[in-house]
*Asks:* 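Here's a structure for you.
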Amino acid sequence: MSFSGVPLSRFPAYIQSAARVKKACALANLRAGLLPADKAEQIMSACDELAAGRHQDQFPVDVYHGGGIGLNMNLNEVIASLAGVDIRPVDDVNMSQSTSDVCHTALRLTLFGRLGELDKETAAWVEKLEELASAFASVPTIARTCLQDGMEISAGALFSGTAAAIRRQREDIALWRKRMTRVNLGWTVVGTGTGAPESYRREILPALKDVLGYEVTWRESPLDAAEYPDDLAAVSGLTGRLAQILAKFSRDLRLLSSGPETGLRELRLPAVQAGSSFFPGKVNPVIPEMMIQCAMLIEGHDGVIQRAVGLGEIHINLWEEMMGFLLLDSMGMLLRAMVSLRERCVAGITINETVCREYAASRIPIIVACKERYGYQYLSSRIKKEGLEAVVADLRNRGAGTENS
């Protein structure tokens with residue numbers, strides 16, 4: 001039944017969210033007159049202990065075991081054990097509930113919190129990148145297309161463009177964070193509500209709001225919630241997209257800092273460790289490389305998550321918990337990698353202004369700068385007849401080209 005060696009205890013935020021869900025269920029059952037006050041108080045007190053982060057070692061169940069029932073049962077048993085000998089795991093702790101609505105809800109509440117962390121970190125990234133864009137704005141360098149020389153460009157352009165790309169992802173983070181407050185709690189296994197009395201269902205969302213401190217609503221269709229966890233796929237896609245943006249930026253940092261003598265040498269990255277056990281004095285861009293590796297792992301997780309949307313059968317998608325824990329793992333990796341890359345690399349980037357200005361004054365930028373004055377056809381014809389070196393030398397003698405020529 002277990003194979004991965006990844007216990008539920010590795011996901012404390014999920015356990016805390018699930019404990020809050022269980023507390024809200026006990027409160028709703030109490031208000032509905034289904035659960036005696038003394039039992040409800042005992043269960044809610046036990047849930048508070050878990051929500052505070054205690055007893056994490058009591059969750060050994062493998063998160064990727066067959067189905068997802070073991071997750072809910074592990075919670076029920078731990079809560080019952082903490083609540084007292086007269087509390088029964090299924091009849092009392094799990095009253096009016098099923099794995100399908102409890103774990104579905106706990107997962108989305110966990111993602112609500114994780115997306116909040118991601119929003120905060122992306123905001124810090126935008127601020128730092130805009131700061132570097134401003135600091136390097138006055139330094140000219142060369143743009144490259146297809147890794148070939150292009151026109152003159154500000155050294156700050158790379159940072160400005162990346163800041164805008166990350167800022168755009170924040171819009172989707174806000175959208176999907178809001179959607180994570182749409183849950184199916186109260187509708188049990190396949191979305192019909194069987195096993196949950198109407199009196200309980202009337203109380204569950206108000207109880208959940210009282211426990212959480214923010215508004216939670218039902219999904220438009222609880223049947224859809226049981227069959228199609230495509231909201232998890234959407235958040236996974238967002239996570240993967242942000243990871244790929246940062247991987248691209250990290251590859252740019254590796255190229256632009258390559259050298260120190262025979263590479264591009266435009267940027268200097270902070271050294272965080274010895275770069276080689278063979279080359280004395282060599283320093284590798286290990287922090288950007290860490291981000292690239294992180295993005296590759298997230299891409300693998302996302303591939304499984306996207307495929308799992310179509311692997312549900314008839315009235316339920318059995319793989320929702322697998323999707324959720326892969327996604328939580330991806331988001332955890334991404335957050336840690338983002339903090340490390342920002343604090344240990346990006347924050348300490350400096351620029352080699354001499355090299356940048358030399359690139360800005362090289363041949364292709366001069367040709368491009370003169371194109372408006374002389375025309376594409378004229379310059380192309382001259383280069384074909386006389387050669388690039390001769391044409392650029394003539395343009396320089398005329399004082400044409402960039403302000404740095």
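Heavy-atom basis, side chains included; hydrogens, waters and symmetry copies ignored.
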*Asks:* Determine, for Glu117 against Arg114, whether the closest basic-nitrogen to carboxylate-oxygen distance falls under 4.0 angstrom.
*Replies:*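 Salt bridge between Glu117 and Arg114, a charged N being under 4.0 Å from a carboxylate O: yes.
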*Asks:* For atom CD1 of Ile69, is the number of surrounding heavy atoms from other residues, nucleotides or ligands below 6.0 Å larger than 12?
*Replies:*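 Incorrect, the count does not exceed 12.
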*Asks:* Testing the basics here: between Ala271 and Val283, what is the closest heavy-atom pair and its distance to 0.1 Å?
*Replies:*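 In this case the closest contact between Ala271 and Val283 is CB-CG1, 3.6 Å.
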*Asks:* Does some side-chain heavy atom of His104 sit less than 4.5 Å from a side-chain heavy atom of Leu185?
*Replies:*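 Result no, sub-4.5 Å side-chain heavy-atom pair not found.
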*Asks:* How about Tyr376: does its OH atom have over 12 heavy atoms from other parts shown lying under 6.0 Å from it?
*Replies:*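 Counting neighbours around OH of Tyr376, 12 or fewer heavy atoms of other residues, nucleotides or ligands fall under 6.0 Å, so no.
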*Asks:* Quick check: does any side chain N or O of Ser17 sit under 3.5 Å from a backbone N or O of Ala13, one acting as donor and the other as acceptor?
*Replies:*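 Side chain of Ser17 to backbone of Ala13, a donor-acceptor pair under 3.5 Å: yes, one is there.
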*Asks:* For Glu49 and His55: C-alpha separation, side-chain torsions, deciding distance, then whether side chain to side chain donor-acceptor pair (under 3.5 Å) applies.
*Replies:* CA-CA 8 Å; Glu49 290 191 46; His55 312 294; 2.6 Å; yes
*Asks:* Test side chain to side chain contact (heavy atoms under 4.5 Å, CB included) on Arg396 and Val392; report intermediate values, then the result.
*Replies:* CA-CA 6 Å; Arg396 280 176 170 154; Val392 170; 3.8 Å; yes
*Asks:* Above 12 or not: heavy atoms from other molecules or residues under 6.0 Å from CD of Glu198?
*Replies:*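 Enclosed: over 12 neighbouring heavy atoms sit under 6.0 Å from CD of Glu198.
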*Asks:* Can you tell me if Glu171 uses its side chain to pair, donor with acceptor, with the backbone of Arg167 under 3.5 Å?
*Replies:*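 Not confirmed, Glu171 side chain does not pair with Arg167 backbone.
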*Asks:* Hey, does the side chain of Thr188 reach the backbone of Thr194 with a donor-acceptor pair shorter than 3.5 angstrom?
*Replies:*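 Judged by distance alone, yes, a pair lies under 3.5 Å.
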*Asks:* Any salt bridge linking Asp231 with Arg219? Criterion: basic side-chain nitrogen under 4.0 Å from a carboxylate oxygen.
*Replies:*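 The answer is yes: the pair qualifies as a salt bridge.
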*Asks:* Would you call Arg108 and Leu232 a side-chain contact if the rule is heavy atoms closer than 4.5 Å?
*Replies:*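 Counting from C-beta outward, Arg108 and Leu232 do come under 4.5 Å.
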*Asks:* Are any non-hydrogen side-chain atoms of Trp125 and Met338 less than 4.5 angstrom apart?
*Replies:*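 Yes - at least one pair of side-chain heavy atoms lies under 4.5 Å apart.
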*Asks:* If you look at every heavy atom in Met44 and Ala26, which pair is closest and at what distance?
*Replies:*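 The pair with the smallest heavy-atom distance is CG-CB, 3.8 Å.
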*Asks:* Return the set of residues passing side-chain hydrogen bond (donor to acceptor under 3.5 Å, both in side chains) with Glu313 (not counting sequence neighbours), or none when no residue passes.
*Replies:*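 Result, side-chain hydrogen bond (donor to acceptor under 3.5 Å, both in side chains) vs Glu313: none returned.
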*Asks:* Quick one: SG on Cys103 to CG on Leu71, what's the gap to the nearest 0.5 Å?
*Replies:*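 Cys103 atom SG to Leu71 atom CG measures 5.0 Å (nearest 0.5 Å).
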*Asks:* May I ask you to check whether over 12 heavy atoms, not counting those of Arg265, lie within 6.0 Å of atom CZ?
*Replies:*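 Counting neighbours around CZ of Arg265, more than 12 heavy atoms of other residues, nucleotides or ligands fall under 6.0 Å, so yes.
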*Asks:* Give the minimum heavy-atom separation between Phe59 and Leu75, together with the two atoms involved.
*Replies:*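 Smallest interatomic distance, heavy atoms only, reads CE2-CD2, 3.7 Å.
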*Asks:* Could you walk me through whether Ile316 and Ser100 pass the side chain to side chain contact (heavy atoms under 4.5 Å, CB included) test, one step at a time?
*Replies:* CA-CA 9 Å; Ile316 197 165; Ser100 295; 3.4 Å; yes
*Asks:* For the atom pair OH (Tyr359) and CD1 (Ile364), what is the distance rounded to the nearest 0.5 Å?
*Replies:*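 The distance works out to 15.0 Å.
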*Asks:* According to the interplanar angle, ranging from 0 to 90°, do the rings of Tyr64 and Phe3 count as parallel (below 30°), tilted (30 to 60°) or perpendicular (above 60°)?
*Replies:*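 Tilted, since the angle between the ring planes falls between 30° and 60°.
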*Asks:* What is the distance from atom CD1 of Ile87 to atom CD of Gln42, rounded to the nearest 0.5 Å?
*Replies:*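 If we round to the nearest 0.5 Å, Ile87:CD1 and Gln42:CD are 4.0 Å apart.
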*Asks:* So with a 6.0 Å cut-off around CE of Met333, is the heavy-atom count from everything else above 12?
*Replies:*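 Yes, because the 6.0 Å sphere around CE of Met333 holds more than 12 heavy atoms from other groups.
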*Asks:* List the atom of Cys47, the atom of Lys22, and the distance in Å for their closest heavy-atom pair.
*Replies:*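 Residues Cys47 and Lys22, closest heavy atoms: SG-CB, 3.7 Å.
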*Asks:* Identify the heavy atoms of Ala18 and Ala106 that sit nearest to each other, and give their distance.
*Replies:*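 Taking Ala18 first and Ala106 second, the nearest heavy atoms are CA-CB, 3.7 Å.
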*Asks:* Between Ser258 and Leu264 (side chain of the first, backbone of the second, donor and acceptor by atom type, cut-off under 3.5 Å), is there such a pair?
*Replies:*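 Here the side-chain-to-backbone pair exists.
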*Asks:* Do the side chains of Glu343 and Lys128 get close enough for a salt bridge, i.e. N-O under 4.0 angstrom?
*Replies:*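 The answer is no: the pair does not qualify as a salt bridge.
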*Asks:* Who pairs with Asp48 by side chain to side chain contact (heavy atoms under 4.5 Å, CB included), at least two apart in sequence or on another chain?
*Replies:*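 Checked Asp48 against side chain to side chain contact (heavy atoms under 4.5 Å, CB included); matches are Lys23.
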*Asks:* Looking only at atom types and distance, does a side-chain atom of Ser45 sit under 3.5 Å from a main-chain N or O of Glu41, one as donor and one as acceptor?
*Replies:*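 No, Ser45 side chain to Glu41 backbone: no donor-acceptor pair under 3.5 Å.
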*Asks:* How long is the span from the OG atom in Ser134 to the CD atom in Glu130, to the nearest 0.5 Å?
*Replies:*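 Spacing of OG (Ser134) from CD (Glu130) equals 9.5 Å.
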*Asks:* Measuring only between side-chain heavy atoms, which start at C-beta, is Gln97 closer than 4.5 Å to Ile204?
*Replies:*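 Of all side-chain heavy-atom pairs linking Ile204 with Gln97, none is under 4.5 Å.
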*Asks:* Count the heavy atoms of every other residue, nucleotide or ligand shown that sit under 6.0 Å from CZ of Arg307, and state whether that count exceeds 12.
*Replies:*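 12 or below, so no.
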*Asks:* Say you draw a straight line from CG of Leu175 to CG of Leu238; how long is it, rounded to the nearest 0.5 Å?
*Replies:*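 Atom-to-atom, Leu175:CG and Leu238:CG are 9.0 Å apart.
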*Asks:* Just wondering, more than 12 heavy atoms not from Arg241 lying within 6.0 Å of its CZ?
*Replies:*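 Yes.
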*Asks:* What donor-acceptor contacts under 3.5 angstrom involve side-chain atoms of residues 141-148, with partners at least two apart or in another chain?
*Replies:*
{"residue": "Thr141", "atom": "OG1", "partner": "Glu266", "partner atom": "OE1", "Å": "2.9"}
{"residue": "Thr141", "atom": "OG1", "partner": "Glu266", "partner atom": "OE2", "Å": "3.3"}
{"residue": "Arg144", "atom": "NH1", "partner": "Glu266", "partner atom": "OE2", "Å": "2.7"}
{"residue": "Arg144", "atom": "NH2", "partner": "Glu266", "partner atom": "OE2", "Å": "2.7"}

*Asks:* Mind checking whether Ile383 and Ile367 have side chains closer than 4.5 Å, heavy atoms only?
*Replies:*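 Answer yes - side chains close enough.
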*Asks:* Determine whether Arg10 and Asp62 satisfy the following criterion, salt bridge (charged side-chain N to carboxylate O under 4.0 Å, His left out), listing intermediate values before the conclusion.
*Replies:* CA-CA 10 Å; Arg10 282 258 306 268; Asp62 191 317; over 6 Å; no
*Asks:* Is any side-chain heavy atom of Thr110 closer than 4.5 Å to one of Leu328?
*Replies:*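 Contact flag for Leu328/Thr110 side chains = yes.
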*Asks:* Measure from NZ or CZ of Arg201 to the centre of the six-membered ring of Trp187 and say whether it is under 6.0 Å with the direction within 45° of the ring axis.
*Replies:*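 Yes - Arg201 lies over the ring of Trp187, closer than 6.0 Å to its centre and within 45° of its axis.
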*Asks:* Donor-acceptor pair, Ser330 side chain versus Leu326 backbone, under 3.5 Å?
*Replies:*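 Answer holds: yes.
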*Asks:* Between the main-chain N or O of Ile298 and the side-chain N or O of Asp302, is there a donor-acceptor pair closer than 3.5 Å?
*Replies:*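 Side chain of Asp302 to backbone of Ile298: no pair is present.
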*Asks:* Could you state the interatomic distance from CG (Leu334) to CG (Asp329), rounded to the nearest 0.5 Å?
*Replies:*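 So the CG of Leu334 and the CG of Asp329 are separated by 11.5 Å.
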*Asks:* Is it true that Arg179 and Asp172 make a salt bridge, defined as a side-chain N closer than 4.0 Å to a carboxylate O?
*Replies:*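 Salt bridge between Arg179 and Asp172, a charged N being under 4.0 Å from a carboxylate O: no.
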*Asks:* With the side chain counted from C-beta on, respond yes when Leu111 and Tyr14 share a heavy-atom pair under 4.5 Å apart, and no when they do not.
*Replies:*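 The answer is no; the side chains never approach within 4.5 Å.
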*Asks:* Does a side chain donor of either Lys39 or Asn29 reach within less than 3.5 Å of an acceptor in the other side chain?
*Replies:*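 The criterion, which ignores hydrogens and geometry beyond distance, is not satisfied for Asn29 and Lys39.
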*Asks:* Salt bridge or not for Arg177 and Asp119, using N-O below 4.0 Å?
*Replies:*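 Salt bridge: no.
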*Asks:* Looking at Arg342 and Glu121, is there a salt bridge between them, counting it only when a charged N and a carboxylate O are closer than 4.0 Å?
*Replies:*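 Looking at Arg342 together with Glu121, the answer is yes, because their closest N to O distance falls below 4.0 Å.
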*Asks:* Between Leu109 and Arg20, does a side chain to side chain contact (heavy atoms under 4.5 Å, CB included) hold up when you go through it step by step?
*Replies:* CA-CA 9 Å; Leu109 298 182; Arg20 295 184 182 102; 5.7 Å; no
*Asks:* Within the side chain of Thr181, is there an N or O that forms a donor-acceptor pair under 3.5 Å with the backbone of Val216?
*Replies:*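 Side chain of Thr181 to backbone of Val216, a donor-acceptor pair under 3.5 Å: no, none is there.
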*Asks:* Please find the pair of heavy atoms, one from Pro206 and one from Arg202, that lie closest to each other, and give the distance.
*Replies:*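 Of all heavy-atom pairs spanning Pro206 and Arg202, the closest is CD-O, 3.6 Å.
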*Asks:* Does the side chain of Leu311 reach to within under 4.5 Å of the side chain of Leu318, using non-hydrogen atoms?
*Replies:*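 Not in contact.
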*Asks:* Verify, without hydrogens or angle tests, whether Gln58 (side chain) and Arg54 (backbone) share a donor-acceptor contact under 3.5 angstrom.
*Replies:*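 Side chain of Gln58 to backbone of Arg54: no pair is present.
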*Asks:* Whether the side chain of Gln306 engages the backbone of Ala233 through a donor-acceptor N/O pair (distance < 3.5 Å, no angle test) should be reported.
*Replies:*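 Flag set: sc Gln306 to bb Ala233 pair under 3.5 Å.
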